[in-house]
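A short worksheet on the structure shown next.
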Amino acid sequence: MSVLDMIRDASLSFFVAVGFAFLFETPRRAVPVAGILGGMGHCLRFVLLGAGSGLVGATLCGAVAIGLAGIVMAHRIHTPPVVFTLPACITMIPGMYAYRTMLAGIRVYEAGPGQDTSGLLQDMAYNFILTLSLLFCLAIGICIAALLFRTKSVKDFNKIERLYQKGIKGIKAGLNR
């Protein structure tokens, strides 16, 4: 794996994420962020796969990186993180494995009853479980950052402070009577 391969992978993923950001009507200021996060997350997955990591673990690491960077970028561009983390994670959707699952199911159906389809069923089960595992990794990767760094909004703090100030003024007015 060379640096050129990593740049190519990140570039292609950038454009896929940007395309899906436009498809999901992401605000214009968040489209480049979606592209950068998509390129970064997929490139991290690519590097980890090249280093010998498993597909599920590499996908989880890429999704967590997208989620964490999404929280940081959400504060910078004042946009909810899901607006650009979802298009960024679409670059890692396991389409090939879902396709293989469907294809094996069709072949089992076409073989009909009485045929030996144990190999096809095994392939179908493997691809189905891998597809679900990768989709869960993507969902967990995005959500884990939001759950770790979930805080109250500044608007909520301002509302609580105003109520507190009103309460203090009411108490002082009652004491001065």
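Keep in mind that the numbers below use all heavy atoms, side chains included, and drop hydrogens, waters and symmetry copies. Predicted model only: the values in this text are computed from it and were never measured.
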Write down the atom of Cys61, the atom of Leu44, and the distance for their closest heavy-atom approach.
O-CD2, 3.6 Å
Any chance you could lay out the side-chain contact (heavy atoms from CB on, under 4.5 Å) test for Asp5 and Phe46, step after step, and finish with the verdict?
CA-CA 9 Å; Asp5 290 335; Phe46 180 74; 4.0 Å; yes
Taking atom types as modelled, is there a side-chain donor on Thr91 or His42 under 3.5 Å from an acceptor on the other?
no
For the student: nearest non-hydrogen atoms of Ala63 and Cys137, plus distance
CB-O, 3.8 Å
Quick check: is Leu134 connected to Val16 through a chain of hydrophobic side chains (ILVMFWY, heavy atoms under 4.5 Å apart)?
no
Can you see which heavy atom on Pro94 is nearest to which on Leu138, and at what distance?
CD-CD1, 4.5 Å
Can you find a heavy atom in the side chain of Val56 that is under 4.5 Å from one in the side chain of Leu130?
yes
Step by step, would you call Met6 with Val47 a side-chain contact (heavy atoms from CB on, under 4.5 Å)?
CA-CA 7 Å; Met6 292 186 325; Val47 168; 3.2 Å; yes
With side-chain contact (heavy atoms from CB on, under 4.5 Å) as the test, would you mind laying out the steps for Ile77 and Phe84 before giving the verdict?
CA-CA 11 Å; Ile77 64 171; Phe84 45 83; 3.7 Å; yes
Okay, side chain of Thr26, backbone of Ala21: is any donor-acceptor separation there less than 3.5 Å?
yes
Can you see which heavy atom on Ala88 is nearest to which on Ala34, and at what distance?
CB-O, 3.6 Å
Donor-acceptor contact below 3.5 Å, side chain Ser11 vs main chain Ile7:
yes
If you measure from CG on Leu135 to CD1 on Ile93, what distance do you get to the nearest 0.5 Å?
5.5 Å
Of the non-hydrogen atoms in Thr101 and Met124, which two are nearest, and what is the gap between them?
O-CG, 3.6 Å
Are Leu37 and Leu86 linked, directly or through intermediate hydrophobic residues, by side-chain heavy-atom contacts shorter than 4.5 Å (ILVMFWY only)?
yes
Side chain to side chain donor-acceptor pair (under 3.5 Å) with Thr79: which residues, sequence neighbours excluded?
Arg29
Sidechain-backbone polar pair: Thr117 side chain, Leu120 backbone, donor-acceptor under 3.5 Å
no
Calculate, to the nearest 0.5 Å, the distance between atoms CD1 and OG belonging to Ile90 and Ser13 respectively.
12.5 Å
Considering all heavy atoms of both residues, which atom of Val18 and which atom of Gly35 are nearest to each other, and what is their separation?
CG2-CA, 3.7 Å
Applying side chain to side chain contact (heavy atoms under 4.5 Å, CB included) between Arg45 and each of Leu55, Ile66, Asp9, report the one that passes.
Leu55
